[in-house]
Each structure stands twice: as C-alpha cells, then as structure tokens.
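Read the structure below first, then the notes.
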Amino acid sequence: MDWLANLDARIWQAVIAGLFLGAGWFVNGLLNRRAAEALRQEKLRDMHRALYAEIGNNLANLWDDARIESYAEGMLERMREDEDFVPFIPREHNDTVFDTLLPDIYVLPRQTIDPIVAYYSQLKSLAALVDDMRGEAFKAMSQPRRIAMYSDYIEMKKQALSFGRYANAVIDAFGKGGREAAEAVKLEFNTPAEGPSDQLPGSE
C-alpha cells in the first residue's frame with residue numbers, strides 16, 4: 001500500500017473531487033426521482049377527486065334503476081298509445097372533466113383506469129345514440145322501431161348508472177386503501193368493466 005502514500009497530492013485531490021461529484025449526482029438523482037414521484041401522486045389524487053366529483057354528479061342526475069324504469073314505462077306507454085308521439089331526448093354533457101384529463105390518463109393506476117374508461121365509454125355511446133334519436137331519421141321511423149330504440153336508450157342509461165357506481169366505488173377504495181383495496185372492491189362488483197386500459201400507454 002506504500003504506492004498509495006506516494007501518489008501526487010493532485011491525484012488525491014482529483015480522486016476525492018470525483019467521489020464527491022459522483023455522490024452528488026447520485027443524491028441529486030434520488031431527490032429528483034422522489035420529487036417526481038411525489039408530483040405524480042399529487043396529480044393522481046387531484047385527477048381522482050375531479051373524476052369522482054363529475055361521476056357523482058351524473059349519478060345523482062341519473063336517479064336510480066327504479067326511477068329510470070318508472071319514467072321509461074310512462075314514456076313507452078304513451079308511445080304505444082299514440083303512433084305519432086316522438087319523445088324528446090335531451091343531450092347531456094357529463095364528460096367535460098374526463099375529456100380535459102384524457103391526455104394525462106396514463107397517470108391513473110390500472111385499478112381505476114378500467115372502470116373509469118368503461119363508464120365514460122358508455123356515456124359516449126349513449127350520447128351517440130341520443131344524437132341519432134334527435135335526428136330526422138328517428139322521427140320518420142315506425143313507432144315500433146322508435147319504441148325499440150327508446151328501450152335500448154333506457155337500458156344504456158341503466159348500464160351507465162351501474163358503471164358509474166362501480167367506478168366511484170373503486171376510486172374511493174383506492175384513495176382510502178391503495179391498490180389492494182381497489183382490487184377488493186372490483187371483486188365485489190359483477191361489472192364487465194375490464195380491458196380498456198390495455199390500449200392506454202403507461203397503465204400498470
């Protein structure tokens with residue numbers, strides 16, 4: 001080990017400086033990763049809160065299965081009695097928050113992406129059907145065809161209600177207990193809302 005003692009002082013200075021520099025890079029990288037993860041977790045919580053609020057508001061407007069059925073039966077009865085009656089179907093915009101957050105949807109964990117995307121996909125399908133039912137082609141249909149289409153509309157609203165309850169239950173569970181709690185809730189629901197995240201980058 002004598003050769004170490006005989007090394008030029010300038011070499012020792014360079015070695016020590018290199019060690020400090022390397023340690024600084026390591027610590028700085030570690031801190032940056034921690035800061036990035038903290039920012040990601042904060043963004044995830046904010047997105048969950050916003051989506052939970054939007055879904056909850058829509059669920060309140062959808063009533064419940066019994067009230068939807070009761071309203072639909074009254075409308076269908078009127079359609080059966082009056083061949084010329086065409087129900088007015090209002091447009092609904094219940095996906096503003098989701099559309100705004102869509103570019104960052106990859107931030108969400110797989111446990112919540114699946115039910116969230118399933119719910120909003122149902123809303124968009126429902127909106128497309130509503131547009132069809134507000135068109136001239138719907139008015140020109142025979143009443144039996146309009147009745148069938150209106151019945152499909154009601155069933156899609158009920159499915160949206162189911163998907164929305166499922167999505168918010170999973171979001172709530174994730175916020176309180178993390179991934180395991182969300183998975184436990186998913187097992188309790190008999191809702192086929194799996195798969196949409198397979199096509200989304202960064203979901204895990």
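- Across all non-hydrogen atoms, the minimal contact from Phe163 to Gln122 is CD1-CB, 3.8 Å.
- Remark: the backbone N or O of Ala66 is not paired with any side-chain donor or acceptor of Ser70 at under 3.5 angstrom.
- Across Arg40 and Tyr106, no two heavy atoms sit closer than the pair NH2-O, 4.1 Å.
- Between Tyr120 and Phe98, the ring-plane angle classifies as parallel under the 30° and 60° cut-offs.
- To the nearest 0.5 Å, the span separating CG on Leu108 from CD1 on Ile105 amounts to 4.5 Å.
- Trp63 CH2 to Glu69 CD: the interatomic distance, rounded to the nearest 0.5 Å, is 12.0 Å.
- Among all heavy-atom pairs drawn from Thr112 and Ile171, the shortest one is CG2-CA, 4.2 Å.
- A heavy-atom distance below 4.5 Å is not found between the side chains of Leu51 and Tyr119.
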Test salt bridge (Lys or Arg N to Asp or Glu O under 4.0 Å) applied to Arg45 and Glu42, step by step: CA-CA 5 Å; Arg45 287 191 294 271; Glu42 182 180 358; 5.5 Å; no

Which pairs of donor and acceptor atoms, one on a side chain in residues 146-154, lie under 3.5 Å apart (sequence neighbours left out)?
{"from": "Arg146", "atom 1": "NE", "to": "Gln143", "atom 2": "OE1", "distance (Å)": "2.7"}
{"from": "Arg146", "atom 1": "NH1", "to": "Lys139", "atom 2": "O", "distance (Å)": "2.7"}
{"from": "Arg146", "atom 1": "NH1", "to": "Met141", "atom 2": "O", "distance (Å)": "2.7"}
{"from": "Arg146", "atom 1": "NH2", "to": "Glu83", "atom 2": "O", "distance (Å)": "2.9"}
{"from": "Arg146", "atom 1": "NH2", "to": "Gln143", "atom 2": "OE1", "distance (Å)": "3.0"}
{"from": "Ser151", "atom 1": "OG", "to": "Ile147", "atom 2": "O", "distance (Å)": "2.9"}

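- Counting only heavy atoms from C-beta outward, the side chains of Glu54 and Asn57 never approach each other to under 4.5 Å.
- By the 4.0 Å N-to-carboxylate-O rule, Asp64 lies too far from Arg165 to be salt-bridged with it.
- Evaluation of the salt bridge (charged side-chain N to carboxylate O under 4.0 Å, His left out) rule for Glu77 yields Arg80 as partners, not counting sequence neighbours.
- Not one N or O on the side chain of Gln111 forms a donor-acceptor pair closer than 3.5 Å with the backbone of Ala182.
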For residues 84-92, run the donor-acceptor check on the side chains, cut-off 3.5 Å, and write out each pair with its distance to 0.1 Å, sequence neighbours left out.
{"from": "Arg91", "atom 1": "NE", "to": "Asp131", "atom 2": "OD1", "distance (Å)": "2.9"}
{"from": "Glu92", "atom 1": "OE1", "to": "Asn94", "atom 2": "ND2", "distance (Å)": "3.2"}
{"from": "Glu92", "atom 1": "OE2", "to": "Lys157", "atom 2": "NZ", "distance (Å)": "3.2"}

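- Scanning all heavy atoms of the two residues, the minimum distance from Lys124 to Asp99 falls at NZ-OD1, 3.0 Å.
- Rounded to the nearest 0.5 Å, atoms CG (Leu161) and OH (Tyr166) are 15.5 Å apart.
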Salt bridge (Lys or Arg N to Asp or Glu O under 4.0 Å) assessment of Arg78 paired with Asp82: CA-CA 6 Å; Arg78 185 174 176 185; Asp82 183 354; 5.6 Å; no

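- Heavy-atom contacts from other residues, nucleotides or ligands closer than 6.0 Å to CZ of Arg134 number more than 12.
- If you take NE2 on His93 and CG on Asn58, they are separated by 12.5 Å, rounding to the nearest 0.5 Å.
- For the atom pair CZ (Phe138) and CZ (Arg145), the distance works out to 10.0 Å, reported to the nearest 0.5 Å.
- Considering every non-hydrogen atom in both Val170 and Lys186, the closest pair reads CG2-CG, 3.7 Å.
- Across all non-hydrogen atoms, the minimal contact from Asn168 to Gly56 is ND2-N, 3.4 Å.
- Atom CD1 in Ile55 sits 11.0 Å away from atom CG in Asp95 (nearest 0.5 Å).
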